[in-house]
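Since the model is a prediction, treat every value here as computed from it, not as a measurement. Letters A, B, ... mirror the listed sequences (proteins, then strands); counts begin at 1.
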Number of protein chains: 4
Amino acid sequence: MNAVGQEPKASRTQTALRGALLALLEEKPFEQVTVRDITARANVGYATFFRRYPDKEALLHDVAAREIGQLLAMTLPILFTVDSRASTQALCAYLWEHRKLWSALLTGGAAATLKHEFVRLAQEQAAMSRRQHAWLPGDLGVVFSVSATVEILAWWLSQAEPPSVVEMAEILDRLVVTPSLATKPPV
Amino acid sequence: MNAVGQEPKASRTQTALRGALLALLEEKPFEQVTVRDITARANVGYATFFRRYPDKEALLHDVAAREIGQLLAMTLPILFTVDSRASTQALCAYLWEHRKLWSALLTGGAAATLKHEFVRLAQEQAAMSRRQHAWLPGDLGVVFSVSATVEILAWWLSQAEPPSVVEMAEILDRLVVTPSLATKPPV
Amino acid sequence: MNAVGQEPKASRTQTALRGALLALLEEKPFEQVTVRDITARANVGYATFFRRYPDKEALLHDVAAREIGQLLAMTLPILFTVDSRASTQALCAYLWEHRKLWSALLTGGAAATLKHEFVRLAQEQAAMSRRQHAWLPGDLGVVFSVSATVEILAWWLSQAEPPSVVEMAEILDRLVVTPSLATKPPV
Amino acid sequence: MNAVGQEPKASRTQTALRGALLALLEEKPFEQVTVRDITARANVGYATFFRRYPDKEALLHDVAAREIGQLLAMTLPILFTVDSRASTQALCAYLWEHRKLWSALLTGGAAATLKHEFVRLAQEQAAMSRRQHAWLPGDLGVVFSVSATVEILAWWLSQAEPPSVVEMAEILDRLVVTPSLATKPPV
DNA sequence: CTCTAATCGAGACGGTACGTCGCGTCTTACG
DNA sequence: CGTAAGACGCGACGTACCGTCTCGATTAGAG
């Protein structure tokens, strides 16, 4: 029976903060985004920020986790699917659609946090359906896959004349997916 | 050629600053190292710092370039050598020797700069002896190789029970070298 | 007339707030007492405070007026009594009994408000039975008497080895009462 | 050889801060003066304030001590002079000249600090030339004299139609000087 | 005895000032 | 001269408290 805000106020604040950060990240790199910027954009009191998050970093973590959450549904299956090429294409297509946002997330000061969060979530997922290789420690596999993928995609999104989705999917497949799945040296 | 200790004073200051930064990086992450820390450790006036470097970042770049310089002589040939396995082993062995330093460089806030500098230098090198693949844009190849290598090595140095040099060399070879050299899909 | 504990709830809240402030004033100076302290101590909701008083100051005024009310019955007659010495002794004795409370009231940030309220009430009283001296404007007389008295008593209550009630009465008499009553220069 | 500022910069900052506070005190009560107000008025960086003074209060203390310093040369001799009336007149005259400043100092939130500083300085002075009365502890004498004087003068400066300097001098003399000097009860 | 309205607790919120910290510039004094 | 020492302007940070507000639970009085 929430006629006005349709949502408990407390969480509206958080939503506003996350939205503000996302908006600002498309304007300038994370390190240059000030807490005041965020609260101003979110129409929220400065001090209120610290009631929700201890840090600017903490908000970024939250934002990252959520954005990655959506992406991860497409990213992780890649490594365990029969048709890996289809998966990488889906991933690239998704990224391309949200090009601007992800460009911001994977570039500048936010990238490190993003990647870290990415790895963390990927580790969790991987813990369940683990395919162990003798030569490749499980978590290194995850670290490599995620890092390389992120790096490749970051490169992609920052190009003036970027390759097509299909081309990137092939590159991803050959540079990341195939190597991490290989069970024995390719001679 | 100056005798030891008699090199021009200006460069002695720079040496001291670089040394101080390296020492501090082994104590705390780069973002937490302040210019005052550095100058204090280097026994150099605070203002003097800014006569040598515009920035804390600039010093890091300098330090990074030098440390990488040594490493790069071993890293780059890997991709263009006949016996890649030997090269990766050499790389890992070198890193292992200077484990503490590189652990600091590849972890924390310095990592981004380090990797960036790494890529920059690698691009330069690669510009000369370019092996173009149709499916892999040249600079993406470099970005991927370097990033993945750095990430894998960073993982290695941060492990409690790290794999041996030989094992890491094999991993590197299979995850990074082989894929970037492949000319056609591995079927 | 309500039995104890059955008085109207609204005024029970006020009583609790006044009590809480008095208690807190014995622990720390007024400026360091926060509204949250008070409401917590009074077992009253934070917002409720502002339903009763516009201000922290307003509560202090209320508290002050009441405490002074009791005291004033003894303070004011001093100046208009035949046996002033007896009156000053009564005043000092009363203060001594409630030493701890008045020590808190007359020291620290509350003192100014206290004195102000004191003067205000004294002015009211004095307006009725005014003895005008040519050389001493009426309200200055009040200001002087009250301020000096307060100051002297504050000094007394803060001493490690305070003079006796009788001694203080004499001092008060000679420093405050006699001079303000004098009608002509004492030669 | 200070061509420009004619004064070491460090002390110029302090001077500017003191000046700014004095100026602001004539515009609004001390509690409403913000550190930012002060630094803005003094053309000084905000943080610089805290390099000089730990507190807004500390600056007030400094200002107070200096202003009182000048005044005290006239205030203290009053009690130990043969011709006390001349001294009180000098005091009142001085105050009247700097009416606006002292009005600000003796009114509002600054008053407490002012009086405290006043007493402190007076105690120091009094420690040297102590005339002990049996009935009046030395420091109470000082506290009373100073407090009463301050209070009387504060009243004076806040009047719409203030008495003349001569009248105030007489009042001061009869209310403060004579009583504190008396050696035996005036019968 | 119920139902509506006032009142309360709890505490989130916008806002203002605080005091701290680090950067990069600038001044001063010294060797 | 050039350097050490460090003051300074700047601007973000995170904290504290204020006074306003919303919200749900409690309670009182009207029906």
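- Distance I38(C) CD1 to dG19(F) C1': 14 Å, rounded to the nearest Å.
- Atoms CG (L59(C)) and P (dG19(F)) sit 12 Å apart, rounded to a whole Å.
- Computed from coordinates, the D55(D) CG to dC18(E) C1' distance equals 10 Å when rounded to whole Å.
- If you measure from atom CD of E31(D) to atom P of dC18(E), you get 13 Å, rounded to the nearest angstrom.
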- Message: Applying side chain to side chain contact (heavy atoms under 4.5 Å, CB included) to Q32(C) and L24(C), what does each step give before you reach the verdict?
- Response: CA-CA 10 Å; Q32(C) 290 176 29; L24(C) 287 165; over 6 Å; no
Where do N or O atoms of nucleotides 20-22 of chain E meet protein N or O atoms at under 3.5 Å, pair by pair?
from	atom 1	to	atom 2	distance (Å)
dG22(E)	O6	R51(D)	NH2	3.4

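- Closest-nucleotide positions on DNA chain E for R36(B) and R36(D) were compared, and the one nearer the 5' end corresponds to R36(D).
- In this structure, W102(A) and L114(A) have side chains that are in contact, with non-hydrogen atoms separated by less than 4.5 Å.
- Listed pair T48(B) / dT3(F) fails the phosphate criterion, with no side-chain N or O lying under 4.0 Å from OP1 or OP2.
- Atom NZ of K100(B) has 12 or fewer neighbouring heavy atoms from other residues, nucleotides or ligands inside a 6.0 Å radius.
- Side chains of L59(C) and Q14(C) form no contact here, defined as non-hydrogen atoms less than 4.5 Å apart.
- Between the CZ atom of R52(D) and the C1' atom of dG6(F) there is a distance of 10 Å, rounded to whole Å.
- Rounded to an integer number of Å, the gap from F49(D) CZ to dG19(E) P is 8 Å.
- D37(C) comes within 4.0 angstrom of no nucleic acid atom, judged by non-hydrogen atoms across all strands.
- Here the OG1-CZ distance, from T39(A) to F49(A), works out to 8.5 Å after rounding to the nearest 0.5 Å.
- In this model, the phosphate group of dG14(E) is not approached by any side-chain N or O of T39(A) to a distance below 4.0 Å at OP1 or OP2.
- Proximity of R12(D) to the phosphate of dT27(E): no side-chain N or O atom is located under 4.0 Å from OP1 or OP2.
- One finds the OG atom of S147(B) at 7.0 Å from the NZ atom of K115(A) (value rounded to the nearest 0.5 Å).
- Summarising the geometry, the separation between CG on N43(B) and C1' on dA5(F) is reported as 13 Å, rounded to the nearest angstrom.
- Spacing between atom CG of L17(B) and atom C1' of dG24(E) amounts to 15 Å, rounded to whole angstrom units.
- With salt bridges taken as basic N to acidic carboxylate O contacts below 4.0 Å, none links D62(A) and R52(A).
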